[in-house]
Amino acid sequence: MRGFPRVCDLFHELRRRNLRIALASSAKRDELSRYEKLCEIDDLVEVETSGDDAERSKPHPDVFGVALERLGPGTAKERVYVVGDSPCYRDPADLLARLDESPIVR
């Protein structure tokens, strides 16, 4: 199994810009841990939620709600962005290349 290209670079750049990273996945906790290590992002994620933390998993928003709670009460919902398998960017490398024009940093 291989991770998407430049995931680690993207996460490093987001952290360099002082952005917080919450990882919300429908994967089981032990699987999520393996994926984080595989992508070399385990030390870059501030908050994580797995399918084990929510009653229902995606497409239900439960894991996102748990992640938002874990980010804390000072987190402005209008400043939270979800990056997933949507068609906006080809892959994490594409998002990294166009990060300055993305809504994440605007």
Counting only heavy atoms not in Glu40, do more than 12 fall under 6.0 Å of its CD?
no

Report whether Val66 and Tyr35 are members of the same hydrophobic cluster (ILVMFWY, side-chain heavy atoms less than 4.5 Å apart, transitive linking).
no

Ser102 side chain vs Leu99 backbone, donor-acceptor pair below 3.5 Å
yes

Could you check if a side-chain atom of Ile104 sits within less than 4.5 angstrom of a side-chain atom of Leu14, using non-hydrogen atoms only?
yes

Salt bridge (charged side-chain N to carboxylate O under 4.0 Å, His left out) between Lys37 and Asp43: does it pass, once the steps are laid out?
CA-CA 9 Å; Lys37 285 179 179 41; Asp43 61 336; over 6 Å; no

Side-chain donor or acceptor of Thr75 paired with backbone N/O of Leu71 under 3.5 Å
yes

Would Asp100 and Arg17 count as a side-chain contact (heavy atoms from CB on, under 4.5 Å) here? Give the steps.
CA-CA 11 Å; Asp100 285 328; Arg17 294 174 186 232; 2.8 Å; yes

Look only at the side chain of Asp62 and the backbone of Ala54, and say whether a donor-acceptor pair between them is shorter than 3.5 Å.
no

Would you say the side-chain atoms of Arg15 pair up with the backbone N or O of Leu44, donor to acceptor, closer than 3.5 Å?
yes

Pairing of Lys28 and Glu31 as salt bridge, 4.0 angstrom limit
no

Going by salt bridge (Lys or Arg N to Asp or Glu O under 4.0 Å), name the residues that satisfy it together with Asp9, two or more places apart in sequence or in a different chain.
Arg6

Answer yes or no: is there a side-chain heavy-atom contact under 4.5 Å between Glu48 and Glu36?
yes

Any Arg34 side-chain heavy atom under 4.5 Å of Leu38 side chain:
no

Look only at the side chain of Asp53 and the backbone of Ser50, and say whether a donor-acceptor pair between them is shorter than 3.5 Å.
yes

Return the set of residues passing side chain to side chain contact (heavy atoms under 4.5 Å, CB included) with Ala67 (not counting sequence neighbours), or none when no residue passes.
Ala22, Ala24, Thr49

Any sub-3.5 Å donor-acceptor pair from Asp52's side-chain atoms to Arg29's backbone N or O?
yes

Which pair of non-hydrogen atoms, one from Ser25 and one from Val63, has the smallest distance, and what is that distance?
O-CG1, 3.8 Å

d(Ile21 CD1, Leu19 CG) to nearest 0.5 Å is 7.5 Å

What residues, two or more places apart in sequence or in another chain, satisfy salt bridge (Lys or Arg N to Asp or Glu O under 4.0 Å) together with Arg16?
Glu13

So which heavy atom on Ile41 is nearest to which on Cys8, and how close?
CG2-CA, 3.9 Å

Any side-chain heavy atom of Val47 within less than 4.5 Å of one from Leu23?
no

Kindly indicate, with the supporting measurements, whether the criterion side-chain contact (heavy atoms from CB on, under 4.5 Å) is fulfilled by Tyr89 and Leu96.
CA-CA 9 Å; Tyr89 298 94; Leu96 178 61; over 6 Å; no

Taking Val105 as the starting point, is it possible to reach Tyr81 by hopping between hydrophobic residues whose side chains are less than 4.5 Å apart?
yes

